[in-house]
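Here is how names work: the chains are called A, B, and so on, in the same order as the sequence lines, proteins then strands, and each is numbered from 1. Basis for what follows: all heavy atoms, side chains included, without hydrogens, waters or symmetry-related copies.
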2 protein chains.
Amino acid sequence: MPPTTAARPAFRTFPAPADLPEPLPEPTRADLRLDVVLGALSDPLRIGIVRALLLEAEAFDHTCGWFGLDRPKSTLTHHFRVLREAGLLRQRQYGLERRSQVRVDDLQARFPGLLDLIAAWTPPEAP
Amino acid sequence: MPPTTAARPAFRTFPAPADLPEPLPEPTRADLRLDVVLGALSDPLRIGIVRALLLEAEAFDHTCGWFGLDRPKSTLTHHFRVLREAGLLRQRQYGLERRSQVRVDDLQARFPGLLDLIAAWTPPEAP
DNA sequence: CCATGTGTTCGACTGTGGTCGTACAAGCAG
DNA sequence: CTGCTTGTACGACCACAGTCGAACACATGG
């Protein structure tokens, strides 16, 4: 298939290790709604999480503790669930820990350019 | 200045009639914050307003009543103010009526691709 | 002057979202 | 089993957003 936008810096998608646990419940690609996605991204902490996953991810996916967020665990659970239910993140349970990754393919297909906007975001109050 | 993205379907920007009233207070282009903009677009009614202005605008700008929104006037005032304070709309007072337009240039410069996403949005529950 | 049309401001109600503490569940190490 | 770690679940609190009615401000047309 011909690349529609050839020179774009595609975000890395890592192949699945083939013995993955099932993802937690999430909306289908066809069920993604732009208003819901944008609402999930309207919180600086949440858009920061997605941006960090897009830019600094070196492995397949990451646990909640991988981000340097000094918030109580229940708060993080809340924000990660909002991101997953909006369709931005896919989460899998690896024994003890729950790992998250950005649904790059689905988001590029439904909302082309959105991930580039997220990657270009900068946190407020950062002089 | 060379156009950075040449082949994009640019949204129409209408030249100012030169005797325009001053715009209502709005954030500077440099003060636009992506999280705030996305938060303003997270409401279906509001993203619908911006989309309608992008797609169906045939004149320079439009009054609140131009949209077929059957909500009380105070509700519309609220939503248009949110869009203006987020930096999505520019509003001018023309005697009786207040007209709105999308800040196409500023948004394309700060968040390239965002307007295309908005234009591609479709309202929910529309079978 | 008075009526009409456009839009704001104020106050109120209601629902929801962000934040957090505490308690609890599950996997793993000793 | 006992602890340790990772994360959820539940409930509470507080602030803010969405909604609306009523009253007001303003320009225009009779």
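- Remark: B:Asp31 engages B:Pro27, B:Thr28 in a side chain to side chain contact (heavy atoms under 4.5 Å, CB included) (not counting sequence neighbours).
- Qualifying side chain to side chain donor-acceptor pair (under 3.5 Å) partners for A:Asp35, counting only residues two or more places apart in sequence or in other chains: A:Arg33, B:Trp121.
- Qualifying side chain to side chain donor-acceptor pair (under 3.5 Å) partners for B:Arg103, counting only residues two or more places apart in sequence or in other chains: B:Asp106.
- Considering only residues two or more places apart in sequence or on other chains, A:Gln93 meets the side chain to side chain donor-acceptor pair (under 3.5 Å) condition with A:Arg98.
- Between the side chains of A:Gln91 and A:Arg84, at least one donor-acceptor pair of N or O atoms lies under 3.5 Å.
- Per the geometry, CZ belonging to B:Phe80 stands 16 Å off C1' belonging to D:dT19, to the nearest Å.
- Note: CZ (B:Arg99) to P (C:dG7) measures 9 Å, nearest angstrom.
- Atom C1' of nucleotide D:dT8 and atom CZ of A:Arg84 are separated by 11 Å, given to the nearest angstrom.
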Base-contact (B) and sugar-phosphate-only (S) positions in nucleotides 15-30 of chain C, heavy-atom cut-off under 4.0 Å, - elsewhere:
---SBBB----BB---

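- Under the side chain to side chain donor-acceptor pair (under 3.5 Å) criterion, A:Glu97 pairs with A:Arg99, sequence neighbours left out.
- Taking side-chain N and O atoms only, A:Arg81 has no distance below 4.0 Å to OP1 or OP2 of D:dT8.
- The side chain of A:Thr77 contributes an N or O atom lying less than 4.0 Å from OP1 or OP2 of D:dT8.
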